[in-house]
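The structure appears right after this line, and notes come after that.
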Amino acid sequence: MVIGIGTAYPNLSAVRWPASGTVCINAGTYDRMLVVAGVRKSAAAPLVIQAREDANPPKLLQGSVVRNSSYVTLANLNVANASGYAAVLVDQGSHHVTIDRVWAHDAPFGIVIGSAVQPDGLGGPAGIGNVVQNSGAGTNVKYSGIAVQGGSGGQVPAGEPNYPYATTLRNNNVSGNGGHGISVDNAKFVKIEGNRVAVNGYGGGGYSGIHLYSSDDNGKCGNNLVRYNYVSQTWLLPKDITATDGNGILMDRYCDSNDVSYNVVWGNHGTGIAIFTSANNRVYRNTVFGNTQQPGRTTLFPPPWSSLAEVTISTCAKVNVVTGKSDCGDTNVHPTRASGNQVFDNIIQSTVYGVPALYAAPAVTVASLGNRIGPNLYWVGGDSADRPSANWPPMTYGNPTTEISAAYVDRVTGISGNAVERPAFDRDQTAASPAADGLRLAKRPSAVGQVQSDMANDIAGKTPAGVTSYLGAYNCQAAAAGQACTR
């Protein structure tokens, strides 16, 4: 079936969708929203709506919406929506919806997965291989590139402890958006993997490349998987040294039990990876390099909440004396809320003088909270002449320190096997793109990390078989420290 210019449906309205199969849209520009509503298909008989010409996708100026539908794919479309809500909106109980190779741009939101609940527990919407750019069009400069919103990630049905990831965002290129690159708000079981998220957050403070967030402490957000992503250059524009965030990846308040692994995070204005007032997260095997790029800025949040670092773990431990509220937006103090977190097997290097590789706020270092930090490889230094010093320690664990040794890190964290040494990356980090494996290890470090029961391939697809160093997003196979890593 063919629709669009020169057919019975020239403006894409009131289309009578077939029982199954592929519907092709003729090339051209359409000033009408593409609406797929109440179209319930099946795995055996899905519906695919795509460009008729791969090289000349139709341009939809008023966006597209998939509502109360299932087993529907939108593929190879050029979609804008400057005057509406989103370029692509999936909502109202839709499930098994795939957005594939869509250029979603110049709209308040790029792609929104709204109230798309998976009633059968089998799977949810997926965004795969899309290009999402310039969200925050017009006056809506603070909206996200891809947003998964309230409930759309799915909840665990009764009696199904092994419920699968409900929404998948894979291999998308998300850039130039005013708000978050990818945001997960009040949603669970979202898989975010293999995306390139860059140059987002220019709408002001408060934005991150990938943002996981719950509006309250009632279990609305959590159990999300964030892996194999390249996250960079989340900006704060105008450059405001009192602004918040600008992070690479943020597990924000009350969003718990997330798995963040095998990501490369660099060049963001704020922290590379941050845990803030959330619990039971695992942050491991990430390469976090050269973030905290906001000139003159010394804190992740305005004092006294959190200092700036490549990786931070902190909580709403104090109340702002001016507003009477904590940074969690209420009058409560949450000194014990950040608990049970694990941060290990990461390579963390700060290149901004005075900024440590890792900051753990005093409130989260209380032993009874069970936060486990290490082993990791830490370094501070921009070029070969820079190195740790009393004024530039690799870690701030609780109170400030002038200590710079791995022995100190082992002692204060209670975890052995940490390293304080310059990582031997594959090429000059300042000259090569980290997204082109510029932060891959060339030589095995002295620390090796830990072998876990759930070892996975690294960000380049290398299997863990034969690997002798598990630090960072790239596995390394070498017989001894200092020897070249085999590919």
Side-chain angles (χ1 to χ4, degrees), residues 241-248 250 268-277 283 288-321 326-327 333-339 341-344 346-382 386-416 418-422:
I241 65 173
T242 66
T244 60
D245 296 304
N247 314 297
L250 172 60
N268 297 283
H269 268 188
T271 282
I273 299 177
I275 299 172
F276 183 67
T277 318
V283 177
V288 188
F289 172 87
N291 296 283
T292 71
Q293 293 296 310
Q294 177 68 299
R297 187 167 171 230
T298 58
T299 59
L300 171 59
F301 304 111
W305 296 307
S306 176
S307 292
L308 195 64
E310 290 291 312
V311 174
T312 66
I313 174 170
S314 56
T315 187
C316 293
K318 296 183 179 181
V319 172
N320 187 305
V321 295
S326 75
D327 195 54
V333 179
H334 307 269
T336 63
R337 187 58 180 77
S339 62
N341 296 289
Q342 301 179 56
V343 180
F344 62 93
N346 302 285
I347 296 176
I348 313 170
Q349 179 175 349
S350 169
T351 61
V352 177
Y353 182 78
V355 174
L358 183 139
Y359 169 80
V364 307
T365 61
V366 178
S368 62
L369 296 182
N371 290 306
R372 184 178 183 273
I373 301 176
N376 297 293
L377 187 156
Y378 304 95
W379 189 250
V380 292
D386 294 331
R387 59 189 61 254
S389 67
N391 294 321
W392 195 3
M395 168 189 275
T396 300
Y397 189 82
N399 296 318
T401 182
T402 58
E403 297 277 358
I404 63 173
S405 68
Y408 164 77
V409 175
D410 288 353
R411 185 173 70 254
V412 296
T413 61
I415 304 293
S416 62
N418 292 282
V420 176
E421 64 188 46
R422 185 184 299 276

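What you see is a predicted model; the values in this text were computed from it and never measured. Only heavy atoms go into these numbers, but all of them, side chains included; no hydrogens, no water, no symmetry mates.
Side-chain contact between T402 and P393 is absent, with no heavy-atom pair separated by less than 4.5 Å. Side-chain contact between V343 and V283 is present, with heavy atoms from C-beta onward closer than 4.5 Å. S350 is not listed as a side-chain neighbour of Y378, based on a closest heavy-atom distance of 4.5 Å or more. Residues M395 and V412 have side chains in contact (heavy-atom distance under 4.5 Å, counting atoms from C-beta outward). Using a 4.5 Å heavy-atom cutoff, the side chains of V409 and Y397 are not in contact. At a threshold of 4.5 Å between non-hydrogen side-chain atoms, the residues W379 and V420 count as touching.
Annotation for L369 and A363: closest pair CD1-O, 3.1 Å, computed over non-hydrogen atoms. Between R387 and W392 the shortest heavy-atom distance is O-CE3, 4.2 Å. Nearest approach of G381 to R422, heavy atoms of both residues: O-NH1, 4.1 Å. In plain terms, the two heavy atoms of S389 and Y353 that are nearest each other are OG-OH, 4.5 Å. Minimum interatomic distance between P356 and L308 (heavy atoms only, all atoms of both residues): CD-O, 3.6 Å.
Panel note: side chain T271, backbone A309; a donor-acceptor pair is recorded below 3.5 Å. In terms of modelled atom types and a separation under 3.5 Å, the side chain of N376 and the main chain of I373 share no donor-acceptor contact. The main-chain N or O of T413 is never found under 3.5 Å from a side-chain atom of R411 such that the two would form a donor-acceptor pair. Of the possible polar contacts, none joining the D386 side chain to the V380 backbone as a donor-acceptor pair under 3.5 Å is found.
Results of the side chain to side chain donor-acceptor pair (under 3.5 Å) test with E310 over N291, T351, N346 single out N291 as the only residue that passes.
Taking CG from N371 and CD1 from I313, the interatomic distance works out to 4.0 Å, rounded to the nearest 0.5 Å.
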